[in-house]
Amino acid sequence: MPETAPAPRSAAWETLAAVMCDVRALGGAVSLLQWDQETFMPAKGAVARGDQLAAVQAALHERLTQPRVAEALDLAEREASGDPDRAAALRALRFDHERAARVPQDLVRALAQAQAEGVDAWKAARNARAFALFAPKLARLVELRREQADALMPMLARRPEAQPDPGASEPYDALLEGYEPGMRVARLEPILRRLVGWLSPLVAAIDAAPAPEDGFLSGRFDGEAQWGFTLELLAALGFDPAAGRQDRSLHPFTLGLDPGDVRVTTRVYEAQPLSAIFSTLHEAGHGLYEQHLPGEHRRSLLCAAPSMGIHESQSRLWENLVGRSLPFWRAFLPRLAARFPQLAGVAPADFHRAVNRVERSLVRVEADEVTYNLHVALRFELELGMMRGTLAVSDLPEAWAARSEALLGVRPRDDAEGVLQDIHWAWGDLGYFPTYTLGNLYAATLFAAAGRALPGLDDAIAAGDLAPLRRWLAEKVYRVGRRKDAEDIVRDAAGVGLTDADFERYVKTKYGALYGLTL
Ligand code: ZN
């Protein structure tokens, strides 16, 4: 980023700079409390932790929504400072302030209550494998999300910078905007329809081909040796151990408190050696993004990714485009085999085939690259139906089963395997799932662009040198922070915005070769 001349001092800006500094600090404190909760907190700390989180989150909300923020924003926006970063920070603060301030306090409280009840009911329903126990709570959450969307809709109409021809807005857009600013259903629906159109026959063709041999992945893989290998991977990717750490958790995640303090987690199963490897690669992708955010803006809202989709594009890029590639395993299989002698005779090409096994399965989180977006398409259709009022909550289990059969070719035996498998709806998160597919598509587009910009990229990866790719991504994506919307970052880096063309080319080339198919 070019250095810009210092902008003139202004009382309104000073006020807002202090607000942003506090919002960042309180947000970091929330992350740290959450990280500890998932890693080291003793079980009996849970009650107090709930109080601690609620108090810090309330302080953050109050700081962001106080009326003088709106007054200072009005003033500061009128002062043309000539500093593009300051203008971008004001846009980000205006966005966050309005999204928080437009939702009435009663509704915020009702949502928090419904989410807590939703998670409890979802857990009970999963144990009983009976959706009916969760249905009334989900219906309540959908109703409250509609109210929230109504309160936020006026903000959508005022975003001329939203991506090309977004068409008419609908309530789902207002929720989507919370995860993926600028994205609209009118743009997502046709993309997902196209994806389903070419993925379904591809899955059928792969299904008819012989499955790759992966017998060498069974047996016991020592947990400590696995842990050592994940640290080796973090180092190879360039994750800075002086600016972050890796620990263990049940569900792997990444929390960035600051570019100088990024926490990633992984999990180790001795019978499933790939779990730790790919969890670490995935979270390291998130972690690299966080470590390379513009630290000079650490006290401003610009020191963040602009969307969940672009963040996920980086976890997917390192996990899949790099970590499931043949050049990567040419470099890293010998290092893995040095820790696990049972892999000594395995060829990189065979290992590559084994880590790219495609399977029709019921479970999204275990899905491969080819079927993953079909799981997302299923959820997107159903939550869109709920928000539009065309699908009743009581009809959800049957709709899920029917669409699962149509899209994935498998039908859940019960609600736990189907409609109850993700926790997202229990949190009331509607509009989140599509960001996973956006991540997959952006990852393919960015990786293709990196390949054009960096001749010899495959050779560097095959030599274990991941620095050129990391540097390119840092410059084009990570260091932009929140100065631009996600799709603009991708368009500026790759010359094209949201498209499934690069993903289609990547998937068909790779899996056509792996499964001996002419596509
Ligand atoms: Zn992720």
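All figures in this text were calculated on a predicted structure; none of them were measured in a lab. Counting starts at 1 for both ligands and their atoms, following the listed order.
- In this structure, the separation between CZ on F229 and CD1 on I277 is 5.0 Å, given to the nearest 0.5 Å.
- Around the Zn ion (ligand 1), the two atoms NE2 of H286 and NE2 of H282 are separated by an angle of 100°, to 10 degrees.
- Here E283 fails the criterion, with no N, O or S atom under 2.8 Å of the Zn ion (ligand 1).
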F95 vs L301, side chain to side chain contact (heavy atoms under 4.5 Å, CB included): CA-CA, chis, key distance, verdict
CA-CA 11 Å; F95 180 86; L301 300 185; over 6 Å; no

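- Nearest to the Zn ion (ligand 1), among the N, O or S atoms that E312 has, is OE1.
- Of the residues listed (R483, R479, R482), the one engaging H297 in a side-chain hydrogen bond (donor to acceptor under 3.5 Å, both in side chains) is R483, and it is the only one.
- Side-chain contact, T280 with Q246: a donor N or O sits under 3.5 Å from an acceptor N or O.
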